[in-house]
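To keep things clear, I will list the structure first and then write my remarks on it.
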Number of protein chains: 2
Amino acid sequence: MVASPPSSNPAAHARLADLDAPAFSPLYQQIKTLIVRSLQAAEWKPGEAIPSEIELASRFKVSQGTVRKAIDELATENLLVRRQGKGTFVATHAEQNVQFRFLRLTPDGGEAAGAQRRFIDCRRLRAPSDIARALNLKPGDTVVQVRRVLSFRGSPVVLDDIWLPGQLFKGLTAEKLSEYRGPMYGLFETEFGVRMIRAEEKIRAVAADDGAAQLLDIAMGTALLSVERLSLTYDDKPVELRRGLYNTMSHHYRNELS
Amino acid sequence: MVASPPSSNPAAHARLADLDAPAFSPLYQQIKTLIVRSLQAAEWKPGEAIPSEIELASRFKVSQGTVRKAIDELATENLLVRRQGKGTFVATHAEQNVQFRFLRLTPDGGEAAGAQRRFIDCRRLRAPSDIARALNLKPGDTVVQVRRVLSFRGSPVVLDDIWLPGQLFKGLTAEKLSEYRGPMYGLFETEFGVRMIRAEEKIRAVAADDGAAQLLDIAMGTALLSVERLSLTYDDKPVELRRGLYNTMSHHYRNELS
DNA sequence: GAGTGGTCTAGACCACTGA
DNA sequence: CAGTGGTCTAGACCACTCG
């Protein structure tokens with residue numbers, strides 16, 4: 001792999017000497033990078049199987065163990081999913097079992113129920129400066145703004161305002177959003193080829209303003225959770241900014257620390 | 001290790017046949033369990049080095065690779081910390097660099113500053129029923145309750161109410177809390193031998209009541225983040241319940257999703 | 001230089017899946 | 001049954017730390 005002589009063991013670290021003064025990078029890291037590139041180039045699509053470890057090992061001219069270590073890390077980063085006996089698959093948001101992978105809201109009682117979605121708005125506009133900055137766009141670039149409400153057992157609980165780079169989401173309409181079954185990020189994958197890899201959230205407590213109060217069917221001034229999410233795709237490129245208001249009367253945001 | 005013949009490779013899986021109908025458990029999992037037991041028994045204390053991989057391998061009669069895999073997982077679970085060239089160490093809260101490992105509050109500007117602590121109260125009492133339930137205590141067991149305020153740059157930001165099982169925290173006083181330099185969990189480790197391994201948080205938005213408003217120097221009714229944390233030690237045994245109120249005017253709770 | 005963790009290989013065998 | 005990932009071993013060598 002990567003300009004390495006075809007010989008065996010000792011060659012692995014020889015790469016170090018080839019270059020000027022590069023940071024040393026283990027083989028399995030380089031393999032990781034190559035695999036991510038293939039994912040990025042959609043050589044294998046979400047939900048599909050990638051080549052077997054043995055095949056990848058022979059392709060990259062390294063041992064199976066090295067490929068294993070690379071895949072192991074990609075699996076713990078949730079980019080890949082291993083299934084014993086079947087293969088290794090590209091992770092996807094478009095599956096039932098991983099629904100709401102990014103939604104940390106849980107009913108106080110315990111059992112998570114399905115959500116009803118209602119799309120209030122979907123329009124294209126020039127990005128406000130704060131949005132543009134967060135999404136790494138030039139001022140004046142167009143963004144798609146989506147506004148929606150999530151309800152559980154008939155009660156509105158979440159009000160989301162979502163901004164997406166217009167460049168990447170050409171042809172996104174309220175109709176498409178409404179028609180699609182499954183999580184929104186699934187639609188983004190299949191329709192626009194945009195995969196959300198990870199996200200950073202900033203959480204605050206705020207008082208409901210008039211508009212939020214009406215849409216969430218609560219009194220103005222009610223304390224709400226404000227969740228600002230920046231979603232990133234490969235190479236940590238930001239592709240979604242989302243501002244959510246959560247009514248936490250009968251739900252809570254759960255988090256695990258370790 | 002574990003009733004295994006001293007022979008080499010094929011013996012590893014023989015354990016499967018030894019027992020009735022046990023769930024198959026890989027060797028490295030069993031090693032993990034043994035290491036955790038030693039941690040639990042304080043055979044190695046927080047901050048200390050555990051034996052080298054080679055030594056553990058010979059002790060458990062397995063290969064170094066198997067020990068490595070066990071330690072790898074314990075390291076990603078933050079029970080151990082690897083330091084190349086030096087050894088593997090028992091993770092600890094009593095260190096500068098991991099201060100606030102469990103406090104996800106960040107100033108909006110960016111730079112995290114040191115916190116000033118002020119202890120308002122530290123008393124022993126019979127556990128209220130909800131506290132007892134959460135901590136897995138019998139009704140009527142005594143708990144230690146601590147109330148404190150954290151300030152940043154002179155402004156009060158966090159009001160914490162903390163409940164601890166009285167059984168485990170004999171002799172905990174406001175004075176000890178005030179005197180101790182470093183994070184509270186560091187004191188718990190060194191003074192009481194209680195190690196916080198992981199925690200679950202439930203987050204809500206609430207309105208400040210009179211008492212909280214005064215202590216946090218804000219108007220009554222201000223929206224606050226309510227963070228209820230249940231901290232667990234080995235074997236997922238709950239050892240702390242904490243109810244925090246965070247003023248998020250100039251700070252936010254940050255979270256990473258993946 | 002000795003001792004530690006980190007990387008890499010090669011090969012054996014086990015567990016699971018699906019044709 | 002063949003093919004996949006999962007476990008385990010043994011041995012070599014590299015990178016880092018510290019005396």
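The sequence lines fix the lettering, A, B, ..., with proteins before strands; numbering per chain opens at 1. Scope of the values below: all heavy atoms of this structure, side chains included, with no hydrogens, waters or symmetry mates.
Between S63(A) and I71(B), the one whose closest nucleotide on DNA chain C sits nearer the 5' end is I71(B).
Look at R83(A) and you won't find any side-chain N or O under 4.0 angstrom from OP1 or OP2 of dC16(C). For dT7(C), the OP1/OP2 oxygens have a side-chain nitrogen or oxygen of K69(A) closer than 4.0 Å. Between R68(A) and dG5(D), a side-chain N or O to OP1/OP2 separation shorter than 4.0 Å is absent. The shortest distance between the side-chain N/O atoms of S52(A) and the OP1/OP2 oxygens of dT4(D) is below 4.0 Å. Contact annotation: T88(A) does not reach the phosphate of dT4(D) (side-chain N/O to OP1 or OP2, under 4.0 Å). Between T66(B) and dT7(D) there is no side-chain polar atom (N or O) within less than 4.0 angstrom of OP1 or OP2.
Closest contact between the side chain of V62(B) and the listed nucleotides dG6(D), dC8(C), dT9(D) involves dT9(D). Comparing dT9(C), dC18(D), dC16(D) by their nearest atom to the side chain of K86(B) picks out dC18(D). You'll find that the side chain of F24(A) is closest to dA15(D), out of dG6(D), dA15(D), dT7(D). When each of dG18(C), dT7(D), dT9(C) is scored by its nearest atom to the side-chain atoms of Y28(B), the top-ranked nucleotide is dT7(D).
Heavy-atom contacts from other residues, nucleotides or ligands closer than 6.0 Å to CD of Q116(B) number more than 12.
Backbone-only contact: E53(B) has heavy atoms under 4.0 Å from sugar-phosphate atoms and none from a base.
The distance between atom CD of E55(B) and atom P of dT4(C), rounded to the nearest whole Å, is 8 Å.
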